[in-house]
K.L.:
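Handing you a structure now.
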Amino acid sequence: MNVILLGPPGAGKGTQAKILEDKLGYKQLSTGDMLRSAIVAGSDIGVKAKAIMDRGDLVSDDVIIGIVSERLDKPDVIKGVVFDGFPRTPAQADALDKMLASKGQKLNAVIEMKVDDEALVSRIVGRYSCATCGQGYHDELAKPKVAGVCDVCSGTVFNRRPDDNEKTVRDRLGVYNRQTAPLVAYYHRKGNLHVIDGMAEIAKVTSAMTSILNQVKG
Ligand code: AMP
């Protein structure tokens with residue numbers, strides 16, 4: 001089962017991809033997470049990507065297609081992949097079709113998460129995560145039960161992404177609307193687009209997604 005979660009930054013793609021991975025065993029493939037790991041590791045890709053990411057632009061198609069292709073060669077993706085933040089351009093979408101075809105696989109579904117741009121800005125600007133286990137939190141919407149202590153692992157160090165400030169978020173939304181939103185029409189023409197309400201509660205979004213996945217599994 002290969003599924004793309006399509007939606008602007010802050011739509012909840014990462015949250016849902018993680019839940020689907022835990023529930024169904026499909027691997028979350030987040031190109032943003034892969035780039036952030038490359039930055040931490042200090043690799044060539046990370047060094048080049050950092051400035052681009054900090055200003056909210058897209059990293060080049062060649063680099064992104066290269067890291068996704070390498071990732072899809074790993075044995076742990078055999079059951080399927082939830083693509084989170086990829087593809088983001090028509091060239092990436094084409095490349096994904098070719099990569100999957102070369103492995104005898106196909107794309108089973110594209111789920112567009114419909115959200116409201118203004119709500120996204122406050123969702124993103126308030127978000128942070130546990131530095132130890134990655135559990136996500138929000139200043140207003142999802143505080144830890146005990147202030148300053150992670151509910152999952154009791155960690156006390158938290159991170160905010162450098163690109164989660166209001167100016168960069170608005171730039172990232174502009175980039176999404178110009179460069180990534182055209183993929184909605186692309187997948188609609190291919191016949192595998194499903195649209196859900198991304199503003200609903202997390203559990204409701206997950207259940208809308210699982211029913212789509214059950215439906216396409218047949
Ligand atoms: P994300 O974690 O998906 O919000 O991505 C964070 C940043 O990483 C984006 O603003 C881009 O700079 C970069 N990035 C992530 N995925 C891609 C992609 N598929 N194509 C180009 N740039 C990407």
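First listed ligand is number 1; within each ligand, the first listed atom is number 1.
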K.L.:
Going by side chain to side chain donor-acceptor pair (under 3.5 Å), name the residues that satisfy it together with R160, two or more places apart in sequence or in a different chain.
P.N.:
D139

K.L.:
Do the side chains of K18 and D84 get close enough for a salt bridge, i.e. N-O under 4.0 angstrom?
P.N.:
no

K.L.:
What residue among D164, D57, N177 forms side chain to side chain donor-acceptor pair (under 3.5 Å) with R172?
P.N.:
D164

K.L.:
Only counting residues at least two apart or in another chain, list the ones meeting side chain to side chain donor-acceptor pair (under 3.5 Å) with N108.
P.N.:
none

K.L.:
For a quick check: using heavy atoms under 4.0 Å, what are the residues in contact with ligand 1, sorted by chain and number?
P.N.:
T31, G32, L35, R36, M53, D57, L58, V59, I64, G85, F86, R88, Q92, R161, D163, R172

K.L.:
Are D76 and R71 close enough for a salt bridge, meaning some N to O gap below 4.0 Å?
P.N.:
yes

K.L.:
Does E118 have any side chain to side chain donor-acceptor pair (under 3.5 Å) partners at least two apart in sequence or in another chain, and if so, which?
P.N.:
R170

